[in-house]
Amino acid sequence: MALIEPEDARLAKLEELRRLGVDPYGGPFPGTNPIRELVQQFDSLEGSSVRAAGRIANQRDMGRAAFMDIKDWTGVIQAFFQLNRLGEEPFQIQKQLDAGDLVGVEGNLVKTRTGEKTIFVERFRVLAKALLRPPEKWHGLRDREKRYRRRAVDLFTNEEVMDCFLTRSQIIRAIRDYLQERGFIEVETPMMQSVPGGAAARPFRTHHNALDIDLYLRIAPELHLKRLLVGGMQRVFEVNRNFRNEGVSTRHNPEFTMLEIYEAYGDYTSMMQLAEGLISHLAQDVRGSSALPFGEAMIDYCPPWPRRAFWDLLDERLGLQRGDEKRIRQLAEQSEMEGAASEPADLLAFRLFEKHVEDSLMGPVFVVDYPKSISPLAKAKAEDPDLAERFDLYIAGMEIAPAYSELNDPQEQERRFLDQVGAEDERQKLDTDFLRAMAYGMPPAGGMGVGIDRLVMALTDQDSIRDVILFPLLRPTD
RNA sequence: GAGGGCGUAGCUCAGUUAGGUAGAGCAACGGACUUUUAAUCCGUAGGUCCAGGGUUCGAUCCCCUGCGCCCUCACCA
């Protein structure tokens, strides 16, 4: 049984093309102009011969003439096929074309009498006969499940989807440029690790056959990047995937893209400046404005961004004061939180923050002065040792970027790790090799992790992470 | 993992008010048309109504189970 079921009518046209001596999956078609250029630079190109290649988005058949809308990833332009311009046989070939086929056309760029910029086709080549129909021409593919499962169709059908992913690419490129201009180098560290560290999350497990060892897909690159600080790399960053074996939601995909940045001799305040500079630059240069819409809200990326203390926000929103353990547990209980009686109060406070405060932080806002106990990789504040030198950057109600003054005291780091290890065997195995590296001397440093998918969501006004990941995880169907 | 919603033609959706084996638009097919643009006009065809079971004379509709997706919550970034 065939794996796909082509349309009979299209198979017949495929055969007819072959009978006419045409390869329905034709060779290269070089020398084309991006269609947007043909449209935008029409005035200077008018009357000259141009070439374009793309997908037939729509056909208007007039008998001895036909109009087609040819679409590439930059835009769409009309092509006009006429019997007396092409001749009998080429026109017969044109008759075998359907919406969805890929075609290359060449001809004069002129306007029709109704003023439409049009390629009057002199020559054309069939580049690919589509055996399946594209979705309907004006509603397109709307069904979310079909869109995610058939992203190829989604991309060529829904312009705003293509635009979003083109923007994502521009954002990532702009990040690389921005950091490299400031002396940061891009590195790559292991995705497969024997000890998954750098975050509190459940890892995916896999196995290496030749060495016969279990490995974990990384939950964060943090501990390896800090080894590079020990090694003398002073400014490093990595943009790559992390993998966390946790739930899936509009803000969580099991594999997601993280930017981690480390700056030797910096601290969390230098990371604040970097975050402000970088993200406002992205808004301005990639999105074209320092104020961008997100849903109903307008987000102003113009620095400086406010700093708000963790406990102040909890006090303001929930009337919760630092150290009031009884009330924290009481509220956790009311919020039906697991471990309301047993988990450390700071951790519960943090969860209450995520549950009741986070969504309202349109930001950008730096939340600072987190409890040290929930920040095992961050330095303590000298003037208030129960707090950490840490911020979480919130934008559009999402945690976008946590950053620390990185702890560089190996003995203190060891104590903090040991405090974290409890019954959670798989979540926090100890990376002793990392501690050993730190014992050789790690420079004080600022470090930040930027959730790229969420940042793209904020900058492109998307409310689901699946709309900024080309192939989000779905349960397979067949 | 829990709760709610959804699943009908290739696509976007109606619908069966209260159970009697389904409809539109677009797409497709045949025909007319050499400047149309959601082309138009005439005609035709197209469905395991998500899957399995139950109730019933009869189920796409009611009930149960399963599968998938969406939303909210939980875990997490």
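Side-chain atoms are counted along with the backbone in the values below, which use heavy atoms only and exclude waters and symmetry mates. Proteins come first, then strands; the chains are lettered A, B, ... in the order of their sequence lines, and each starts at number 1.
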Base, sugar-phosphate or nothing for A:Phe350? Non-hydrogen atoms, less than 4.0 Å. nothing
Whole Å only: how far is the CZ atom of A:Arg351 from the P atom of B:C73? 16 Å
Measure the distance from CG on A:Asp143 to P on B:C71 and round it to the nearest whole Å. 12 Å
Base B:U35 paired with A:Gln82 side chain (donor-acceptor, <3.5 Å): no
Measuring from the side chain of A:Arg149 (C-beta onward, heavy atoms only), which nucleotide among B:A28, B:C69, B:C73 has the closest atom? B:C69
Taking the side chain of A:Thr112 as its heavy atoms from C-beta onward, which of B:U35, B:A39, B:U34 lies nearest to it? B:U35
Report the distance from atom CG of A:Leu132 to atom P of B:A28, rounded to the nearest whole Å. 14 Å
For atom CG of A:Asp463, is the number of surrounding heavy atoms from other residues, nucleotides or ligands below 6.0 Å larger than 12? no
Does the side chain of A:Ser270 pick up a donor-acceptor pair with the side chain of A:Glu263 at under 3.5 Å? yes
Here the distance between atom P of B:U12 and atom CZ of A:Arg133, to the nearest Å, is 13 Å
For a quick check of understanding: with a heavy-atom distance under 4.0 Å over all strands, which category does A:Gly449 fall into, base, sugar-phosphate or nothing? nothing
Donor-acceptor pair present, A:Arg64 side chain and B:U34 base, under 3.5 Å: no
Checking ring pair (Phe, Tyr, Trp, His ring centres under 6.0 Å) between A:Phe310 and each of A:Phe353, A:Phe366, A:Phe391, which is the one that passes? A:Phe353
Should the pair A:Glu389-A:Lys379 be classified as a salt bridge under the 4.0 Å nitrogen-to-oxygen rule? no
With a 3.5 Å cut-off and no angle check, do the side chains of A:Thr189 and A:Arg218 form a donor-acceptor pair? yes
State which of B:C70, B:U36, B:U34 makes the closest approach to the side chain of A:Leu474. B:C70
Separation of A:Arg10 atom CZ from B:A27 atom P, in whole Å? 12 Å
Atom CZ of A:Arg202 and atom C1' of B:G1 are separated, to the nearest Å, by 10 Å
Just to be sure I understand the rule, does A:Arg142 reach a base, reach only the sugar-phosphate, or reach nothing, if contact means heavy atoms closer than 4.0 Å? sugar-phosphate
Between P on B:A27 and CG on A:Leu131, what's the gap in Å once rounded to a whole number? 20 Å
